[in-house]
Amino acid sequence: MDISLMQIIFWALAACAVVAALGVVLSRNAIYSALCLVGTMFCLAGLFVLLNAQFLAAAQVIVYAGAVMVLFLFAIMLLQAGQAPGEERFTVQALLGWLFGIILAVQIGALVFVAFKGQSAAHTSKTGGPVLSASQAIVPGASATVTLKDSYKNADSKVKDTVEIEFIAGPTNEAETITLTETGPDTAVFAGTAATLADALPGKPEDGAFHVQPGYKITANYEDTRTGNYRTAVIRVRDHVIEMPAAVTPDADLNVSVSSHAANTGPAADTVKIVVTNKPSGEREAVVLTETGPATGVFTGALKTKHGTVPGRNNDGVMIARGGDTLTALYQPGDGDKIEAALTDGELGEDEQIPEAAASAEVAFGNTESVALALFAKYLYPFEAIAVLLLIAMIGAVLIAKKKLKKAND
Amino acid sequence: MIGVSHYLALSAILFSIGVAGVLTRRNALIIFMSIELMLNAVNLSFIAFSRHLGDVDGQVFVLFVMAVAAAEVAVGLAIIISIYRKRGTANIDKVNIMKW
Amino acid sequence: MPSLSDIQFYLPVSMDFVMIIPQLAILAFMLGILLLDLLFSDDETRSTAAIAVLGLACAGFYSLRVLWGSSSYAFNHLLLIDNYGLFFNALFCGGAILAVLISARYIEREGMALGEYYVILLGAVLGMMIMASAGSLITVFVGIETLSISLYALAGFNREKPVSGEAAIKYLLLGSFATGFLLYGIALIYGTTGSFDIITIGDHIKAHGGPDKVMLLGAVLILIGFSFKASLAPFHMWAPDVYQGAPTPIAGFMSTAAKAAAFAVLFRVLSIAMPGLHKHWHALLYVIAIITMIIGNLSALGQGNIKRMLAYSSIAHAGYLVIAILAAGRGEALGAQSILFYLIAYTLMNMGAFGVLSALARRNQNNETVDSFAGIGYRHPAYAAAMTLFLVSLAGVPPTAGFFGKFYIFLSAVRADMIPLAIIGVLNAVVSVFYYLRVVVAMYMQEPGEEIERDKILWWPAALAIGISAAGIIAMGLLPGRFINLAASAILSGI
Amino acid sequence: MKQYIWLIPLIPLLGVIFNGLFGRAFDKSTRSVGGLFACGTVLASFLMSLKAVVELSQMPEGARLIVNRVFPWIVAGNFEVWFSVALDPLSAVMILVVTGVGFLIHVYSLGYMSHDEGYTRFFAYLNLFMFSMLTLVLADSFLLLFVGWELVGLCSYLLIGFWLHKDSAANAGKKAFIVNRVGDFGVLCAMFAIFGVFGTLDFQKIIAMVEHNATVTPWFLGKALPVLDVLHTATPLFGITLITVICLALFLGATGKSAQIPLYVWLPDAMEGPTPVSALIHAATMVTAGVYMVCRTSVLFALAPQALMVVAIVGCATAIFSATIGVAQYDIKRVLAYSTVSQLGFMFLACGVGAYAVAVFHLATHAFFKALLFLGSGSVIHGMHEEQDMRHMGGLAGKMKITFATMLIGTLAIAGIPFFAGFFSKDEILWKAFSTPLGEQFGRTLWMVGTAAAFLTAFYMFRLIYMTFSGKPRWHEHTHPHESPLSMTGPLMILALFSIIGGWIGTPPAWPVWQNHSFYEWLHPMFSQAEHILTTMSLAHPHHIDHHAAHALETQLMWGSVVVALAGIAIATVFYFRTNRHEAVRRILAPVHFVLNRKYFVDEIYTWTIVEPGKWFSSLFLWKIADAGIIDGFVNALAGLTGAVGGVVRRIQTGVVLNYALVFVLGVIAILYFVVWSGV
């Protein structure tokens, strides 16, 4: 659809909606109000289509404009309430009402308008725009992985492009430029590493590695050249770092690794113990991680997971989990310092979105099928609850509107 | 370009018109319609956000809002009718036996 | 995007249904009563009441005994099944049982004996249960609306009485108005955090660091929606009129169980979804608590109608509860526990007081007034004694449940370093004595004016409910430790 | 017995249950069962108290403490309060007085209330009161004390308003309840503050923490400090130290319960209740709860000399103030009521100068003679068919011999005549005031005012005796005064006995013969710590009188106060003793009419220059303006103000739902402005 045409349609529908809404509120006659409301709802249905919500547009027309408004019109006819007396009087209440309405419109409208200014109505954050990510945390001396997805930087689809990003370590303000290289000729995904040295000295800028100690922070601000917005990546330097994959599928092993120089107590391969918790079910499993070699300071281990819905017993070696669960690993070194695997929680069952799929999703979004899938699978429970609610409303409405109650039991 | 903010601002304006309607009108039925207007405005916000986030949950919520609004209208109209039978008016400022 | 293959991860499994057995029980009994009511003769509502009590007892028992200790979720995080929610399930069932017992003869006397009354009452309980266990703003909304629509219908149930219809229309108009604001808030929170799930929202807000203004706007609008349900000033205006006009047992039910539901969801949402906005909602609720207590108590002072006086007092009590929420928000464990403790106590004493009112006050005879209670102490000593106990407990005189409720709340406020709030609370409690005492004085120390006909005094089911409430209040006064421990175990596993 | 202290308060509760449940089942002939049952429970309680106190006395002197931890009561995190009762020498004195005097009053009520409609209800309330009062005095923590405190308030309210057909009774009940709530506010605040500092509400723990200057970490400091530093350095209000604030808050509660300025107004009105209630609650037991609490927390008060001075000044002012009012009253019970307020003022005076043991001693002796006086007045009222105005009495001495004799003993006791109980305690209070460690000039002033109050006491009490019992009968024609039954006179006689001998267990050091300090020795461990703190303080401002000189001085002062008391009696005799005889004399002896007339002239000058202005002043200013106008007015104005504000607030509720929506949106706009727009 042509952009300018879409703009014209939007402004037309919006103007109609506002005029009709004012008609609802200002009409002396209730029947005109009702008809104006129908008009508003039609305009809104049109806007829903613009927003790719075709199913809801249909529902809006059928449920609201059709059923509900007919109910209103019946009520108006029944009560002969078309022209109710007393409306003409000008009152302080009416004056304040309009005043408050305008204040509210400014308060809310200005806020949301400014906050979302310039952001496309279409879904952007996953499919478009650059995404900068980096290892959440590292131990001093380790290297952090930095990745960037930015299709705009894929200047030449034939070769692996490179991007340079400046990182600054705090609190020493040591700056290093890290070069990211495209993973393939046309992937638009760039990867690189930031090396560190466990060193208290403030390092020189651009010497290839950060001199860091636990507690330091390495940050980068990457400008999206199209919008002028910044993406920020932060790498924290810690005594201990615990890592876990972002997602695993059911029945697969959950690999966990801990980097910690402090736990490397002897020349032989040491072990550390961590606890993995299934946040919703509450099941806990202790996992023993073994050092990958003498004095490496890196410990790895795996936890068996099994698909199931009933929470399993604690510490039986197998984590019972299902799609949507969140697993948290907790490593508690002897000095009482807690480290949570903050953003390394895994989502079971859902594979990572492949960027290419986004295009087809855009088409499918908002259609009847996707709404129905959400409604009947994820939101089955409130759907049923709404059915009960409608039943109660029906009983209540019938009882109250019935002509006469039984004679009082006097 | 028509961005999400346009939809949101429109939603805020419609919502406020609905609020003003509730505050200024005396006819119970029109007040009800104004409330429907408010709910519709909120629905617009939901759908705009849903589109903005690329998440269909917002649309599901709109369906629930519609169902609930219908239920409220049913009960509300029943009550208005019952009051009209008793007092012969649908003017809400006449319904003030209980005060202070 | 969800695809057909994703469905298996979202479809409910049997465990999901086990977790909501209390709700299913309520639903089953609801439908059962609806069907049985067709079989029974027109006047037969007593057996319906008995069935309703049975259903509520089953649901309450199952929550408190069988599911107790669960820490799980059901239906894709839409429900959080933990002791917190189960505690409230039991509290709602208890409150509803009292309401049903009081209603059993009341609706006959008032000429509105229909089986559907209990169906809708159970529907309200279902809505409350959904609210208390809600793990997502969607379930919060669905629960609140199920409760609200049931209450609109119940408030207007006595169509023959003009005040009943007036109560219903006022409640409905303002209720759906407030729903509009609540929904707007949910929309804005959804837009800024991308989720309805309260845990995800909480994580998102925390990760976001400084709040963005739209998010704050959304949170504030949601709080306003909840404040309406909890009748916090300045969103309290509906409460006096609705309580006064609604059938008396329903007014009691609304002011206790429904209010408990509002606080259940308010506290859960605040502590899970909004700790990142603590600074803002703390300041907001601080002011709201003060205004609510002062407006509630001052307005109650001049009331001649006991029902209306209790309505205003219930606003004031909501203010005390907000103090506890504020203390809990500052990490004071006792604050959270005292919310639950106070809600049990308040449910017992207010249901009891409304029970006595239902039992003694005949409709359309203007004998809900303080003056009409003159000399009741002699003609109905048992009811008068019970009423005295309830009022004394509401006023917070030891050693009743009400005293310990206030004691825990003010203590938690002091511990959370909110001395001014504690002092304002105590002063308000002192003021409240004036109006509670007026009823006691009237009952025992005033000569009755003209004899008011009280021929149809409700007897045993209502008296049973009043007795249960009175016994509960005394038990809580003598053994508050037991109840605060119960509250503690409900909080520990939950939030 | 040591494990069963907790039974002492519980036994009267049985009576409550018995009379509460079955009271209505009795008819006129059988209902004395309920009364006897009530008496029985109190007697049992008394005997158990006696046994417990004997056991307590057999323990070594420093270790006299029996604690019963009954069950854990409130447990909330690290905050734990047990339902526990403790018997120590102080509470031992209290339970003996409460159960002993209480039992006699129960017996008395058998006769006094025998014709009343609410006979069993009355005994249920009385028993409930016994339960509450015993809980109060046996409480081991502030919390349980507060429960008892509130319960006695409730009982007092129920009993004042017992005769609900009287409007004045209902209003008096309400007044008492509300005034007491103001005091309770103080106690609650003090409790929260104490908990905040000490982290506990247990008396023993608090005292131990003060003694060892334990380290505490109050929330408002966030760091650990010795408790005394916290108490003396923190200044929560207008630069006043924390300990002073706590003590003043506690004392506010005490002024409410013990009817001191400014919260005494309820007590005279409380005389609307049946006379045994006045005797039990408003003279002998409940009103002493404030004194008891101050003694119980003596250690805290000793740490706050400014608060102690306030206590002394308020006590002293109350003593003289209410004594002057008592002079102008005609209602026999009102005279006694003001006298009670005045005597309680003496007790607080003693507390304020650090003489806690003397305060408790006066509390005990006062319980005997004031109960006696009230019961005696009840007997008079009973015999006069509910007449309370002394102007309609007179000449009853012959008709009611036992009542007269016993009341005379009580009057001699309260007037401070040597050999009677009141003399020993009151004299010691005046001496302690004179020699207070709080300052020489301060002590002199207190002593002078106190002595003036003692003089007035003697005057108005003998005025009461003369107006009631002497002279010509002034009663209405169809009144036939008669002596009361044995159930009423019996307790009178027992109390009269105690009013005579009760003082001999604690003679002042200056008393020439039969020295006996056993009462002070018994209480010594309770107050030694507080006294130690006060003496070390007085060393800082030395005004130390050497022992021998002090002894001599005390003897002089003692004789001085005897003279003052006799002077009061003498003046009362001049003005009230058989004054009507002058008229008879004048008619018979016409020749000396002129002389007599002159004499009358002197009388009249005296009357118009001293007595009438005094009366006018006291009745018009003190009673009408200060009492009824200012203080009552303040209470009423407060109630009226809140009511008026409430009236305005409630007008917002117009009944029109649109206005409600308007307020709703106004709230939304305000909140959005403050939280979203101006915040962040």
Side-chain angles (χ1 to χ4, degrees), chain C residues 169-170 173-174 177-178 181 210-211 213 216-217 220-221 224 228 234-235 237-238 240-241 280 283-284 295 297-303 333-334 337 377 381 392 397-399 403-404 408 410-411 414-415 417 422-423 426-427 430-431 433-434 437 441 444-447 479-481 484-485 488, chain D residues 24 71-77 79 83 143 146-147 149-151 153-154 158 161 164-165 167 169-170 173-174 177-178 181-182 184-185 188-189 192 195-196 219-220 236 639 642-643 645-647 649-650 652-653 655 657 659-661 663-664 666-668 670-672 674-677 679-680:
Chain C
I169 191 73
K170 282 178 172 173
L173 282 181
L174 289 173
F177 190 58
F181 284 89
K213 285 200 171 184
L216 195 55
L217 176 65
V220 164
L221 288 176
I224 287 171
F228 175 83
F235 313 109
M237 308 272 291
W238 59 277
D241 294 5
H280 302 90
L284 173 60
I295 286 189
N297 278 320
L298 286 186
S299 308
L301 276 176
Q303 295 302 330
L334 184 61
Q337 296 160 15
V392 160
V397 175
F403 167 73
F404 284 105
Y408 284 129
F410 296 145
L411 185 67
V414 168
R415 280 199 194 174
D417 203 6
I423 290 177
V426 173
L427 278 176
V430 171
V431 169
V433 175
F434 281 82
L437 203 65
V441 167
Y444 286 104
M445 298 181 181
Q446 274 175 20
E447 282 300 307
L479 297 167
I484 203 82
N485 284 341
Chain D
R24 298 176 63 83
F71 63 90
W73 193 21
I74 304 173
V75 183
F79 175 60
F83 195 103
L143 198 66
F146 189 64
V147 170
W149 187 269
E150 288 288 291
L151 276 176
L154 182 71
L158 290 172
L164 9 104
H165 52 84
D167 235 11
K174 212 157 53 172
F177 200 77
I178 289 166
R181 287 298 286 198
V182 177
D184 296 343
F185 171 68
L188 260 184
C189 288
F192 281 125
F195 180 75
W219 42 261
F220 52 85
T642 46
V645 174
V649 168
R650 132 187 127 83
I652 303 167
Q653 201 82 20
V657 72
N659 301 146
Y660 301 178
V663 173
F664 186 108
L666 184 62
V668 173
I671 290 173
L672 290 191
F674 284 112
V675 179
V676 183
W677 282 89
V680 188

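Just so we're on the same page: letters track the sequence lines, and every chain starts at 1.
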Do [X] and [Y] have side-chain heavy atoms sitting under 4.5 Å apart?
X: C/Phe410; Y: D/Leu188; answer: no
X: D/Tyr660; Y: C/Phe177; answer: no
X: D/Phe664; Y: C/Trp238; answer: no
X: C/Leu221; Y: D/Val668; answer: yes
X: C/Leu284; Y: D/Phe674; answer: no
X: C/Val414; Y: D/Phe195; answer: no

Which pair of non-hydrogen atoms, one from C/His280 and one from D/Val675, has the smallest distance, and what is that distance?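 Scanning both residues, the minimum pair turns out to be CB-CG1, 4.1 Å.
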
Closest contact, heavy atoms only, D/Gly667 versus C/Pro234: CA-CG, 3.7 Å

Given the options [options], which has more heavy-atom pairs under 4.5 Å with chain D than any of the others?
options: C/Ala300, C/Ala422, C/Pro240; result: C/Pro240
options: C/Val426, C/Ile224, C/Leu437; result: C/Leu437
options: C/Val397, C/Ile423, C/Asn297, C/Val430; result: C/Val397

Going through the distances and angles, do C/Val220 and D/Val676 end up as a side-chain contact (heavy atoms from CB on, under 4.5 Å)? CA-CA 8 Å; C/Val220 164; D/Val676 183; 4.3 Å; yes

Identify, with sequence neighbours excluded, every residue that meets side chain to side chain donor-acceptor pair (under 3.5 Å) alongside D/Trp149.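 D/Trp149: side chain to side chain donor-acceptor pair (under 3.5 Å) contacts with D/Asp184.
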
Heavy-atom pairs under 4.5 Å with chain C: which of D/Val657, D/Leu154, D/Leu672, D/Leu666 has the most?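 Option with the top pair count is D/Val657.
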
Name the region of C/Ile295, side chain, backbone, both or neither, that has any atom closer than 4.5 Å to a heavy atom of chain D.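 Both parts, heavy atoms under 4.5 Å.
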
